[in-house]
There are 2 protein chains.
Amino acid sequence: MTLSVFVEHLGVLSPLEEHDREGILSLPVSEKRIPAGGYIAREGTASSTFSVLIDGLAYCQKLACFNARQIVSLAIPGDALDLPNLFLAAADHDIRALTDCETAVVHSELLRELAQRRPAVARAFMVKALVESSVSREWSLNIGRRDARTRIAHLLCEHMVRTRARGLTTGDIMYFPLTQEQLGDATGLTAVHVNRMLRSLEADNLIEKRKGSQIRIPCVDTLRMAGDFSARYLHLRASTEAQNQ
Amino acid sequence: MTLSVFVEHLGVLSPLEEHDREGILSLPVSEKRIPAGGYIAREGTASSTFSVLIDGLAYCQKLACFNARQIVSLAIPGDALDLPNLFLAAADHDIRALTDCETAVVHSELLRELAQRRPAVARAFMVKALVESSVSREWSLNIGRRDARTRIAHLLCEHMVRTRARGLTTGDIMYFPLTQEQLGDATGLTAVHVNRMLRSLEADNLIEKRKGSQIRIPCVDTLRMAGDFSARYLHLRASTEAQNQ
DNA sequence: CGTTTAATTGAAAGCAGTCAAACTATGTGG
DNA sequence: CCACATAGTTTGACTGCTTTCAATTAAACG
């Protein structure tokens, strides 16, 4: 049951037959809970297990010297948490729980075998990896070439579009529990400046702060323009074949 | 013949049998030359062909509004130029020739079929995609959390290590034909500031400019420290299996 | 409640950007 | 081989976005 969000998400990216879905869904799974702030994986380590995020939010981070941290991606329920770990020898980043998380854990080897037996599964993993890579490139652009206010607006748009596409957000209110420090680490800014930019966005009615780490976005299109955002890079329906469906 | 650098590179990342190699090498290939500055692919377009860089250097770029450009990756001979295009519906970035380039072009469909028939090929593509993704994350960290001088030193280290690993650089002199403007676009800086930082690195004997777009690096370890560089993220020998060889 | 964490605000400093000009290298055509 | 055009590099002066430092306020939590 627990892997179904993952399979469903994969199926949107790349066509899967019933056998492919069942192949994944019938793998022995164990559930694991990670408290907010906890580590799901650490840089430099290998892992023989593969985790899927079932509930909560997680992120990948990398550290530079001087304790400088860059958050390089956000994971939402249905996302694979360590696709690289499935095929690379050692993780090149930490994976941490942003909120309390619930994950589904399977043995890597079983998944690799499945990918070997069923090309459509391998392909779906490939598509997922390529989409994540695309998002990563957009982040480079965001961090490297947009000003602070635009960066933040862009990240908010991205999260809105991603969560909405997966049915996790409905309406104009979005759950966005990043602290301003984390938001800064994701956009290459300091928490102080993030605060100023959020206040600026709020002053212009682009966002509204709500109780419980929620944000209301009165007009997505306005925020989209403020964030120089276009959803193309998210490849919400990614596969070349999936287009014909 | 032309695809052999690509196959050899793939084989280092992930184990390939003779049949896998031959499967790729026997595909119908055509060569294509692209002059420096020319476009190999454009954002938003699909392509039914797959290109491998045989000679020269290429890069991927993304544009923000205001003509701001971010170079999001560099390709060296042996690299696939548009792995995403093989499995995603539309390119999310431009691919351009940095210098005059020679590419090997094959039909995407043939390569997808091959990946479907031979799991090891699919896996090698996967590993290559994941490594590129890892590099992309490191670029985010570089752009987001390192100061200008460090960023440039880091990029120089990266290029040194990558080209050396592929036998394209020997000794302490490296071919590095990026203009300062391009270097700025790759690091999230302006050309003017890149110039200042290069002069600073040169003043400290970390780099030496040579004729013909070449750079001498007197001491790689010193530059490595200046660039906060560790090669882990390059996954030079990437596969979990490849470790046992 | 008291304690801790996060958000907010102000003032000052600094890194990188902008603008502008001069210089150098490279390549082309006469 | 020289004159010229073009592209890229270098330098200086100034501006400004973002950071840093510090202190206060608000919110979350046991």
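Reminder, nothing fancy here: chain letters follow the sequence lines and each chain counts from 1. Only a predicted model underlies this, so the values are computations on that prediction, with no experimental measurement involved.
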Subject >> Atom CD of A/E43: over 12 foreign heavy atoms under 6.0 Å >> reply: yes

For [X] and [N], give me the distance from atom [atom1] to atom [atom2], rounded to whole Å.
| X | N | atom1 | atom2 | result |
| --- | --- | --- | --- | --- |
| A/L98 | C/dT5 | CG | P | 17 Å |
| B/F66 | C/dT18 | CZ | P | 11 Å |
| A/Q182 | C/dT5 | CD | P | 14 Å |
| A/L183 | C/dA6 | CG | P | 14 Å |
| A/H193 | C/dG14 | NE2 | P | 18 Å |
| A/I207 | C/dA7 | CD1 | P | 12 Å |
| B/M197 | C/dG14 | CE | P | 15 Å |

Subject >> Nucleotide range of DNA chain D lying under 4.0 Å from chain A heavy atoms >> reply: D/dT18 to D/dC21

Subject >> Pair A/D228 + A/R151: basic N to acidic O under 4.0 Å >> reply: no

Original post:
Between A/D172 and A/R216, is the closest basic N to carboxylate O distance under 4.0 Å?
Top reply: yes

Original post:
Does A/E158 have any salt bridge (Lys or Arg N to Asp or Glu O under 4.0 Å) partners at least two apart in sequence or in another chain, and if so, which?
Top reply: none

**OP:** Using the test side chain to side chain contact (heavy atoms under 4.5 Å, CB included), find all partners of B/V192 that sit at least two apart in sequence or belong to another chain.
**Re:** B/T190, B/R196

Applying a 4.0 Å non-hydrogen cut-off, can you work out what [X] is touching in the nucleic acid: base, sugar-phosphate, or nothing?
| X | value |
| --- | --- |
| A/K211 | nothing |
| A/G37 | nothing |
| A/L189 | sugar-phosphate |
| A/R199 | sugar-phosphate |

Original post:
Taking for each residue the nucleotide of DNA chain C with the nearest heavy atom, is it B/G212 or A/R196 whose nucleotide lies nearer the 5' end?
Top reply: A/R196

Original post:
With no hydrogens and no angle check, do the side chains of A/T103 and A/S51 hold a donor and an acceptor under 3.5 Å apart?
Top reply: no

Original post:
Using a distance-only test with no angle check, is there a side-chain donor-acceptor pair under 3.5 angstrom linking A/H154 and A/E138?
Top reply: yes

Subject >> Closest-nucleotide 5' rank along DNA chain D - winner of A/V194 and A/S213 >> reply: A/V194

Original post:
Is any side-chain N or O of A/N195 closer than 4.0 Å to OP1 or OP2 of C/dT8?
Top reply: yes

**OP:** Return the nearest nucleotide to the side chain of A/V192; candidates are C/dA6, C/dA20, C/dT9.
**Re:** C/dT9

